[in-house]
Amino acid sequence: MVKRYEFLVIGSGIAGMSFALKVANKGKVALLCKTSLEETNTYYAQGGIASVTNQTDNFEKHIEDTLFCGDGICDTTVVNKVVKEAPRQIEELVGWGVHFDKDATGNFDLHKEGGHSEFRILHHKDNTGAEIQESLVQTIKAHPNIDVFDQHFAIEILTQHHLGAIVKHTTPNIECYGAYVLNIRTNHVDTFLAKVTMIATGGVGNIYQTTTNPLVATGDGIAMVYRAKGIVEDMEFIQFHPTALFHPGERPSFLITEAMRGYGATLRTRKGVEFMQKYDPRGSLASRDIVARAIDNEMKINGDDYVFLDVTHKNAEETKEHFPTIYKKCMELGIDLTKEYIPVAPAAHYLCGGIKVDLDGKTTINRLYAAGECSRTGLHGANRLASNSLIEAIVYADAAAKHAIASLPSLSWNENIPLWNDEGTSLNEEMVLITQSAKEVGQIMSAYVGIVRSNLRLKRAYDRLEIIYGETENLFQRSVVSKEICELRNIVNTGYLIIKFALQRKESRGLHYTIDYPEKNNHLSLY
Ligand SMILES: Cc1cc2nc3c(=O)[nH]c(=O)nc-3n(C[C@H](O)[C@H](O)[C@H](O)COP(=O)(O)OP(=O)(O)OC[C@H]3O[C@@H](n4cnc5c(N)ncnc54)[C@H](O)[C@@H]3O)c2cc1C
């Protein structure tokens, strides 16, 4: 079946939903997500959203903190843009019904997180993401121009390639006409024709064995755009969250927010010894890359699977009030965090790179925009400052919406796109192997492309992934399409991109650390 919309939005996190709301008065919108509207990285965000909102803070400080964290390769124009447009986008979120906590005087109750020089993190208790997600979902559902398609999996974006042209990365003026989309309920592939397409498919955490990301984060948008010959950048910069709750077998790993260290929690070895001062004068408040590497190192030195986070010295009632979700989760596992240390270990958390976009959120493919975690704006450079991602997503959704609305009058649907060819077979044995291959990719990426890298490890990962790539492509060509085979294809493609970019970066910078080039190459710094 062919469906026609002015705007096709792939993804129901903060990026996709805010874009949808910003364009919906100008045309019909199809909003897709591959499971439920709520199952997103956005929903899981705990800490909050960074923005300058009080008198003691200012734009210069937020800019400086972001640049320092990005380790010399942030795009300063982008940093200025996001920081300065942040307060207006916060107002927009509030207008859509999002509640941020306030203090007794009626001002925002601001948290301070690792790498921030000021209290500037707006939050809703310790479940800010859920508050944003639920408020936007309500607003989306009430909008008459937005049709929601849950359980709809975008397989490929449509370009001239689907009209028989040979499209390469060097081809000028590649255009996007929409996407082929698998309805997971009916197992049928529909053609969604769109004048404008927005990719907001989120992160890649599930490429790794341990991650804080929900199961939907498999790098689909990045893989789709790369296959369509769009440009992808900075894929080597994967942020491992230093303090995921250590509870083997749980997926996604439960996150202990950075705000807890901002609140005063300290890191200790399993023997109870504080260690962060050895690594950074800011101690437990150092930026994530430093803390994650320090924990990784301490775990390796001591042969431990985890370290401890200690918040026992703080007022118990206050702790429970600030972190009710974490308190409840720990209690479920028999840990009373007001009296006992919390076991934590690093887990894959956030991708700084992704689909290259310009200041208008435009990708290198015409009529195709990207926003949120799947995009690479240049804000984060080599490392993301905590709580800068939700704000980046909505600032860029806004920029893309303005550009898309202005372009809309000159665009039309491409009616020549053929229907999806759904011939093929699938054998049970092959379906079992898809799950096994996905697990293997996780093991390869975690073992060889994790917090500490080397040429040998990356080469080993590359060789192993190549075998799985060959098997997967072969299976994809022969079999009936399914969510499982598409996701496997996407994690293999995205894993390959991470390895490729990591091999190319012959230095250690920000989140990319390799023992073969332990120093930063200052010639590559932008400022
Ligand atoms: C545990 C956790 C805590 C975090 N805490 C914070 C924080 O405190 N502050 C902060 O700024 N950031 C935080 N982050 C990061 C932040 O939440 C994410 O970067 C951000 O929410 C990403 O939003 P998004 O809209 O880009 O993608 P998401 O919210 O992940 O949404 C992705 C959407 O894309 C859909 N999708 C994916 N592939 C397909 C496909 N093939 N077809 C159809 N739909 C598809 C999914 O179904 C989903 O709807 C945290 C992340 C995690 C995991």
Side-chain angles (χ1 to χ4, degrees), residues 8-20 30-51 86 111 113 121-124 126-130 132-133 136-137 148-157 179-184 192 198-206 211-224 239 241 243-245 252-259 288 325 347-352 354-355 370-375 379-380 384-394 396-397 483 486-487 489-490:
L8 172 64
V9 183
I10 308 175
S12 66
I14 186 171
M17 285 200 294
S18 57
F19 177 82
L31 178 76
L32 312 184
C33 60
K34 65 181 181 181
T35 58
S36 68
L37 272 179
E38 289 79 10
E39 187 66 353
T40 62
N41 274 9
T42 300
Y43 185 91
Y44 286 79
Q46 294 178 346
I49 182 161
S51 175
H111 278 169
E113 291 186 338
I121 314 299
L122 289 90
H123 62 98
H124 177 90
D126 61 352
N127 57 7
T128 311
I132 294 175
Q133 187 76 29
L136 296 197
V137 165
V148 170
F149 295 87
D150 62 351
Q151 305 288 339
H152 276 67
F153 188 105
I155 304 169
E156 294 291 8
I157 56 164
Y180 285 133
V181 178
L182 173 69
N183 178 336
I184 295 170
F192 277 70
M198 159 59 80
I199 298 255
T201 47
V204 303
N206 286 283
T211 177
T212 61
N213 294 187
L215 295 174
V216 291
T218 49
D220 297 353
I222 296 168
M224 277 191 273
Q239 189 165 62
H241 197 287
T243 54
L245 182 64
S253 299
F254 183 80
L255 183 77
I256 308 292
T257 172
E258 207 127 32
R288 281 186 185 169
T325 315
H349 184 58
Y350 183 81
L351 170 69
C352 292
I355 303 159
E373 193 166 338
C374 67
S375 69
L379 175 74
H380 309 302
R384 173 188 69 136
L385 181 66
S387 288
N388 259 0
S389 40
L390 290 169
I391 199 68
E392 178 201 40
I394 185 169
Y396 268 81
K483 174 172 171 279
C486 290
E487 280 188 343
R489 211 174 163 224
N490 292 336

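Order of appearance sets the numbers: ligands from 1, and atoms from 1 within every ligand. This one's a predicted model, so the numbers in the text were calculated from it and none came from an experiment.
Within the 4.0 Å heavy-atom shell around ligand 1 one finds R384. Distances shorter than 4.0 angstrom do not occur between any heavy atom of H123 and any atom of ligand 1. Within the 4.0 Å heavy-atom shell around ligand 1 one finds H152. Residue contacts with ligand 1: I49 is excluded, as none of its non-hydrogen atoms falls under 4.0 Å. Residue contact annotation: T128 has no non-hydrogen atom under 4.0 Å from ligand 1.
Note: I14 CD1 to Q133 CD = 9.0 Å, rounded to the nearest 0.5 Å.
Selection from A179, G16, A154, S12 by nearest heavy atom to atom 33 (C) of ligand 1 gives S12. When the heavy-atom distances from atom 9 (N) of ligand 1 to S389, S375, G48 are ranked, the shortest goes to G48. For atom 46 (C) of ligand 1, the nearest non-hydrogen atom from the set L390, V216, N213 comes from V216. For atom 27 (O) of ligand 1, the choice among G202, G354, A397 with the nearest heavy atom turns out to be G202. Nearest to atom 24 (P) of ligand 1 by heavy-atom distance, out of T42, T212, I184, L136, is T42. Among A259, S387, C33, A45, the residue whose heavy atom sits closest to atom 6 (C) of ligand 1 is A45. Considering each of A15, G205, G11, the one bringing a non-hydrogen atom nearest atom 25 (O) of ligand 1 is A15.
Only the side chain of Y350 comes within 4.0 Å of ligand 1, judged by heavy-atom distances. No part of H241 comes within 4.0 Å of ligand 1, judged by heavy-atom distances.
Residues meeting the ring-ring contact (aromatic ring centres under 6.0 Å, His included) test with Y350, sequence neighbours left out: H380. Legend: residues meeting side-chain hydrogen bond (donor to acceptor under 3.5 Å, both in side chains) with T212, ordered by chain and number and at least two apart, are H349.
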Requested in this report: Please step through side-chain hydrogen bond (donor to acceptor under 3.5 Å, both in side chains) for the pair D126 and T325, ending with a clear verdict.
Outcome: CA-CA 7 Å; D126 61 352; T325 315; 2.6 Å; yes

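For ligand 1, the atoms lying closer than 4.0 Å to a non-hydrogen atom of A200 are 32 (C), 33 (C), 34 (O). Within ligand 1, the atoms closer than 4.0 Å to a non-hydrogen atom of I10 are 42 (N), 43 (C), 44 (N), numbered from 1 in the order shown. Counting atoms of ligand 1 from 1 in the listed order, those under 4.0 Å from a heavy atom of D220 are 38 (N), 39 (C), 40 (C), 41 (N).
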